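Chain identifiers are assigned alphabetically (A, B, ...) following the order of the sequence lines, protein sequences preceding nucleic acid strands; residue numbering begins at 1 within each chain. Because the structure is a prediction, the values reported are computed rather than measured.
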There are 2 protein chains.
Amino acid sequence: MLDDLDKTDRKILALLQQDGNLTAAEIADQIGLSQSPCWRRINRLQQQGYIANRVVLLDRHKVGLGVVAFVTIKLSSHGRNSLEEFELAIVGFPEVVECWTVSGAMDYILRVVTQDMDSYEFFLRHKLLKLAHIHEAQSHISMTEVKNTTQLPLQP
Amino acid sequence: MLDDLDKTDRKILALLQQDGNLTAAEIADQIGLSQSPCWRRINRLQQQGYIANRVVLLDRHKVGLGVVAFVTIKLSSHGRNSLEEFELAIVGFPEVVECWTVSGAMDYILRVVTQDMDSYEFFLRHKLLKLAHIHEAQSHISMTEVKNTTQLPLQP
DNA sequence: TGTGAAAAGGCGCAAAC
DNA sequence: GTTTGCGCCTTTTCACA
């Protein structure tokens with residue numbers, strides 16, 4: 001898997017993580033390679049699935065989304081069905097941008113994005129807490145965003 | 001701000017959040033509009049900063065990053081300098097993909113991505129916990145990724 | 001695998017309606 | 001907002017080292 005990636009591949013991926021608009025020629029330039037092999041590599045990286053997706057990132061504030069909150073959740077029953085039901089519902093909530101299971105004191109940690117505190121309250125009371133099997137849920141409203149990147153760390 | 005976005009703009013942004021490869025023509029098609037006005041809108045959305053960035057998302061597992069962890073942190077001294085020092089260091093760690101300040105029991109919550117548990121341990125002991133002013137840090141290793149999207153919720 | 005050049009076609013972009 | 005069109009630039013390919 002990873003071993004298929006040499007230093008050049010990683011440089012390409014690092015650049016594309018920063019700016020998805022870069023053309024093969026521009027990338028080739030920046031890493032000291034000519035266009036053709038660079039293009040072939042990008043192609044391969046896409047084909048083989050190293051590149052999962054190419055997307056546009058929005059400015060959260062500009063599109064009117066002022067609230068980010070983390071919710072830690074414990075389920076009451078841990079049957080297989082409870083988990084699946086819960087997770088299926090979560091995936092369907094557009095306000096939930098992340099949901100992970102974690103070890104330790106809680107079962108799940110979610111990141112939720114809404115317009116304001118009113119809409120957050122509404123989401124919490126009428127959507128999230130309406131789900132079955134929730135034993136405990138704790139909200140942590142985020143005050144400031146110190147760092148929020150989609151760039152994964154790649155060894156150079 | 002948000003009021004500048006009509007339904008058509010939001011449809012465009014929704015599509016581009018899913019797939020940044022879409023051309024103006026393709027988007028126009030999908031929302032029942034002709035190419036030119038669609039292109040003009042996309043341009044405006046970019047110019048005015050609604051679109052923050054266009055990037056490539058990598059497959060975390062394919063690039064050899066198996067561990068995702070959440071770290072909650074309390075600082076010991078809350079002077080302005082402590083915060084700035086801490087945050088500056090955080091931004092410099094490529095392993096930290098997210099860092100937010102939150103209300104409540106902890107001060108910060110981080111999401112950290114590393115190759116394996118060994119490299120996570122190393123990051124924790126030799127980089128994160130080496131920072132000054134840290135009073136308490138708790139790690140929560142993520143087991144499974146239920147949802148992880150860059151798509152922000154937009155009212156249709 | 002890398003280099004260089006060359007073909008083809010798509011897409012950004014703008015003008016006219 | 002629509003339809004039309006030009007021209008660039010990007011992708012894509014080929015012959016060759």
Side-chain angles (χ1 to χ4, degrees), chain A residues 1-59 62-64 150-156, chain B residues 1-59 61-65 115 150-152 154-156:
Chain A
M1 297 229 132
L2 214 208
D3 313 309
D4 299 340
L5 294 177
D6 62 9
K7 286 196 178 185
T8 309
D9 290 326
R10 277 193 274 268
K11 280 186 198 167
I12 292 174
L13 292 179
L15 286 172
L16 282 174
Q17 278 197 111
Q18 286 175 34
D19 183 355
N21 281 324
L22 291 173
T23 66
E26 287 168 328
I27 295 175
D29 242 25
Q30 292 191 41
I31 63 178
L33 195 67
S34 44
Q35 314 186 10
S36 302
C38 186
W39 180 84
R40 269 188 296 214
R41 279 168 184 268
I42 295 173
N43 223 29
R44 203 199 85 219
L45 293 169
Q46 231 149 2
Q47 233 84 58
Q48 299 186 345
Y50 293 97
I51 293 175
N53 206 355
R54 197 179 288 245
V55 299
V56 149
L57 304 179
L58 304 186
D59 184 310
K62 291 280 295 185
V63 297
T150 58
Q151 298 180 41
L152 299 179
L154 297 175
Q155 316 308 71
Chain B
M1 297 230 130
L2 213 207
D3 314 308
D4 299 341
L5 294 177
D6 62 9
K7 285 196 177 188
T8 309
D9 290 326
R10 278 194 273 267
K11 281 186 198 166
I12 293 174
L13 292 179
L15 286 172
L16 282 174
Q17 279 196 110
Q18 286 175 33
D19 183 355
N21 280 324
L22 291 173
T23 66
E26 287 168 327
I27 295 174
D29 242 23
Q30 292 191 42
I31 62 178
L33 195 68
S34 43
Q35 314 185 10
S36 295
C38 186
W39 178 85
R40 272 187 290 217
R41 277 168 185 269
I42 294 172
N43 225 26
R44 203 200 85 219
L45 293 169
Q46 230 150 3
Q47 232 86 58
Q48 299 186 345
Y50 292 98
I51 293 175
N53 206 355
R54 196 179 290 243
V55 300
V56 149
L57 304 180
L58 304 186
D59 184 309
H61 295 289
K62 290 280 296 184
V63 298
L65 296 167
Q115 305 189 236
T150 57
Q151 298 180 42
L152 300 178
L154 296 176
Q155 314 307 70

Using a cut-off of under 3.5 Å, enumerate the N/O to N/O pairs linking the protein to nucleotides 5-11 of chain C.
| residue | atom | partner | partner atom | Å |
| --- | --- | --- | --- | --- |
| C:dA5 | N6 | A:Ser36 | OG | 3.3 |

*side-chain contact (heavy atoms from CB on, under 4.5 Å) partners of A:Ala24, counting only residues at least two apart*: A:Trp39, A:Ile42
*Rounding to a whole Å, what distance do you find between A:Ile42:CD1 and C:dG2:P?*
12 Å
*Could you state the atom-to-atom distance from CH2 of B:Trp39 to P of C:dA14 in whole Å?*
5 Å
*What dot-bracket string describes DNA chain D from 5' to 3', counting Watson-Crick and G-U wobble pairs whose defining distances are under 3.5 Å, with [ ] for crossing pairs and | for pairs to another strand?*
||||||||||.||||||
_Lys/Arg N to Asp/Glu carboxylate O, B:Asp4 vs A:Lys62, below 4.0 Å_ = no
*Mind calculating the distance between NZ (A:Lys11) and P (C:dG2) to the nearest angstrom?*
11 Å
*asked:* Output the rounded distance in Å from CG (B:Leu16) to P (C:dG12).
replied: 11 Å
*Residues in salt bridge (Lys or Arg N to Asp or Glu O under 4.0 Å) with B:Arg44, at least two apart?*
B:Asp9
*How would you list, by chain and number, every residue that makes a side-chain contact (heavy atoms from CB on, under 4.5 Å) with A:Ala52, sequence neighbours excluded?*
B:Asp59
*Quick one: side-chain contact (heavy atoms from CB on, under 4.5 Å) partners of A:Ser34, sequence neighbours excluded?*
A:Pro37
_Rounded at 0.5 Å granularity, tell me how far NZ in B:Lys11 sits from CD in B:Gln30._
11.0 Å
*B:Asp19: side-chain contact (heavy atoms from CB on, under 4.5 Å) partners, not counting sequence neighbours*: B:Asn21, B:Leu22
_Please find the pair of heavy atoms, one from A:Cys38 and one from A:Ala28, that lie closest to each other, and give the distance._
SG-N, 3.6 Å
*Of A:Arg40 and A:Leu22, whose closest DNA chain D nucleotide lies nearer the 5' terminus?*
A:Leu22
*List the atom of B:Leu152, the atom of B:Gln17, and the distance in Å for their closest heavy-atom pair.*
N-OE1, 2.5 Å
*Shortest non-hydrogen contact between B:Arg10 and B:Gln155, atoms and distance*: CD-O, 2.7 Å
*Could you list where the contact with chain B starts and ends along DNA chain D, reading 5' to 3', using a 4.0 Å heavy-atom cut-off?*
D:dG1 to D:dT4
*First locate atom CG of B:Leu33, then atom CD1 of B:Ile27, and finally report the distance between them rounded to the nearest 0.5 Å.*
10.5 Å
*Looking at every strand, decide which applies to B:Arg41 at a 4.0 Å heavy-atom threshold: base, sugar-phosphate, or nothing.*
sugar-phosphate
